[in-house]
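To keep things clear, I will list the structure first and then write my remarks on it.
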Amino acid sequence: MSPSTATLVAVVLPLPGALMIALLGRRPNLREAVTLGTGGVLFLVVASLVPEVLAGRRPGIQILEVMPGLALAFEVEPLGMLFGLVASGLWIVTSLYSIGYMRGHHETHQTRFYVFFAIAIAGATGVAFARNMFTLFIFYEVLTLSTYPLVTHHRTGEALRSGRIYMGILLGTSVGFLLLATVWTWKLTGTLEFTPGGILSGRASNTVIGVLLALYAFGTGKAALMPFHRWLPAAMVAPTPVSALLHAVAVVKAGVFTVMKIIVYVFGIDLLSSTGLSVWLMYVAGATILIASLVALTRDNLKARLAYSTVSQLSYIVLGAALANSWGVIGGSMHIAMHALGKITLFFCAGAILVALHKTEISDMVGIGKAMPVTMSAFFIGSLSVIGLPPFGGSWSKWYLALGAVEAHQFVFVAVLMISSLLNIAYLMPIVARAFFLAPSTASDHSSIREAPLFCVVPLCMTAAGCLALFFFADELYRLLAPIVRP
């Protein structure tokens, strides 16, 4: 098929997949085969566009012109290509993991889960390949609405309260701030097209541009900048595969991807770097990095600790965008993939522990390394990548972010990155040490515990291996992303 057709197919393919999943709800094996098959085909379609993007082309297609200059349209550029690969690739392993988790944990309403998961991936792909802010906003909201049933999957009082927080913050910020900024940009420029170098230079005063930047940054609630972060820890009431979707595959990555894309293609890094209008955003991101890490230290619930870790790690990407220079943008963009593989590994491990051990509190996980050596070894690898130690992928994105801070003469953020890495060690390594080096008490003896079902263990091994692979294939990521800052 042509690249233009492939772009459209990538966006819509999960939707017929969702329909087939719904129709096969009474036949679980076929339902899950369709889920995996759709995910595999989607990844192949997305991957087929990589050579086009590497060759400097931007395949795309226009669906509908709403009014002159405003269209529902898709175009694949390097940053969207990266996000598309992350979302489609991790859908496969998350679906595989979901089979083991949902069955092993005897979850109800599994068909509904797989249906809305597929719709959410369609939303994420639409965000990734949006040609303009109008298209991105539509699919950004599709992603919010389609993940609400996943967050409230258990339909308990706690789940419904968390769902209200989730929808309240994400819809409130997007409609109250992001939509306002989008309409204001249209009014100022007459276009919402993502354009290399940006579209706002010379179109408004520095004051107006500064206000727009604040509206975009806080309006993208999925990026979880403080104080609009509470939806993310609240959503941890959902099943672990949903947590993986939220933290690695789609939702939060759609948020930080949107921030990065707006800064690069709406504002332009030259405009922000020459005016210094993004310095305040650096400090908000830096504060979020440190405060969320400190909060993570206080959480005994494993998923809650990982949730606050995600709040912190997302702001690495926002910081890279706000630095508004080549190294910062490359480092922040690379961190989309690096954090995705590291954090999904950690959440997969948390779910495997829940399925096998029925434990959620870190204080109850003493000595489980001997009973679940594969799971806890993968947790160790994912932790090292999140911390940013070689030879794992997270080391490269943090290195480029540090270079960006030096290039911007913002040396305080080099310190923030270093302190944050130490805090990563402080809240992740005790979990590993407790699992492998402390003996369980008689009351909590885990000698009868074994690894989670194979469908849980294989995906977490795959993503742990991905953390290692990203270290050695960082050059390919750099080559893909370089045109963003060197058009």
Side-chain angles (χ1 to χ4, degrees), residues 77-80 82-83 86-87 124 127-128 130 132-133 135-137 139-141 143-144 169-170 173-174 176-182 184-185 192 194-195 198-200 209-229 231-232 246-247 250-269 271-273 277-289 292 310-325 328-340 397 401 404 408 413 481 484-485:
E77 46 75 47
L79 186 58
L82 173 67
F83 182 36
V86 168
V127 168
N132 52 52
M133 195 59 212
T135 305
L136 190 150
F137 182 84
F139 282 88
Y140 182 96
E141 299 294 36
L143 186 54
T144 300
I169 293 177
L170 293 188
T173 53
S174 64
F177 301 149
L178 186 60
L179 181 59
L180 174 60
T182 301
W184 197 350
T185 301
L192 292 174
F194 292 125
T195 305
I199 59 176
L200 282 170
I209 291 174
V211 172
L212 277 174
L213 180 60
L215 289 172
Y216 276 120
F218 290 118
T220 310
K222 291 185 178 72
L225 276 173
M226 289 184 170
F228 299 106
H229 69 286
W231 65 270
L232 207 160
L246 295 173
H247 289 257
V251 179
V252 296
K253 293 304 181 295
V256 289
F257 166 82
T258 297
V259 171
M260 182 66 77
K261 192 150 183 173
I262 287 170
I263 283 184
V264 171
Y265 293 120
V266 174
F267 289 90
I269 59 175
L271 171 64
L272 294 181
S273 125
L277 289 172
S278 62
V279 171
W280 68 269
L281 184 55
M282 299 178 201
Y283 281 91
V284 171
T288 301
I289 289 170
T310 296
V311 173
S312 173
Q313 293 282 320
L314 291 177
S315 281
Y316 280 66
I317 301 164
V318 177
L319 173 61
L323 287 168
N325 57 42
V329 168
I330 293 290
S333 300
M334 288 180 71
H335 202 65
I336 291 174
M338 305 303 186
H339 176 257
S397 53
L401 286 168
F413 296 108
L481 294 169
I484 299 172
V485 292

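The structure displayed is predicted, hence computed values, not measured ones. Numbering starts at 1 and runs along the sequence shown.
The shortest side-chain heavy-atom distance between L179 and S174 does not fall under the 4.5 Å cut-off. No side-chain heavy atom of L178 sits less than 4.5 Å from a side-chain heavy atom of T173. Contact check for M133 versus T185: no side-chain heavy atoms found under the 4.5 Å cut-off. Between F267 and I262 the shortest side-chain heavy-atom distance falls below 4.5 Å. Counting only heavy atoms from C-beta outward, the side chains of L82 and F257 never approach each other to under 4.5 Å.
Remark: F139 pairs with F74 by the ring-ring contact (aromatic ring centres under 6.0 Å, His included) rule, at least two apart or across chains.
The two residues V256 and L314 have their closest heavy-atom pair at CG1-O, 3.6 Å. Annotation for G219 and Y140: closest pair O-OH, 4.0 Å, computed over non-hydrogen atoms. The two atoms that bring A217 and W280 nearest to each other are CB-CH2, 4.4 Å, heavy atoms only. Nearest heavy-atom pair, V211 versus W184, reported as atom, atom and distance to 0.1 Å: CG1-CZ3, 3.7 Å. What you find for E77 and Y265 is that their closest heavy atoms are OE1-OH, 2.7 Å. The minimum heavy-atom distance linking L481 with S333 is given by the pair CD1-CB, 3.8 Å.
Residue L213 holds its CG atom at 5.5 Å from CD1 of I263, rounded to the nearest 0.5 Å. Atoms OH and OG1, from Y216 and T182 in turn, are 4.5 Å apart once rounded to the nearest 0.5 Å. I484 contributes atom CD1, which lies 4.5 Å from atom CG of L79 (distance to the nearest 0.5 angstrom). In this structure, S397 OG and H339 NE2 are separated by 10.0 Å, a value rounded to the nearest 0.5 Å. In this structure, OG on S273 lies 10.5 Å from CG on L323, to the nearest 0.5 angstrom. Atom-to-atom distance recorded for S278:OG and L271:CG is 9.0 Å, nearest 0.5 angstrom.
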* Please walk me through it: do L272 and L281 pass side chain to side chain contact (heavy atoms under 4.5 Å, CB included)? -> CA-CA 11 Å; L272 294 181; L281 184 55; over 6 Å; no
* To do: Starting from the C-alpha separation in whole Å, work towards a yes-or-no answer on side chain to side chain contact (heavy atoms under 4.5 Å, CB included) for F194 and L136.
  => CA-CA 10 Å; F194 292 125; L136 190 150; 3.8 Å; yes
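Between F218 and F177, the distance separating the two ring centers is not shorter than 6.0 angstrom.
Using modelled atom types, one side-chain atom of N325 and one backbone atom of G404 make a donor-acceptor pair closer than 3.5 Å. Counting only distance, with no hydrogens or angles, the side chain of T135 and the backbone of A130 share no donor-acceptor pair below 3.5 Å.
A donor-acceptor contact closer than 3.5 angstrom links the side chains of T144 and K222.
Using cut-offs of 30° and 60° on the angle between ring planes, the pair H335 and Y316 is parallel.
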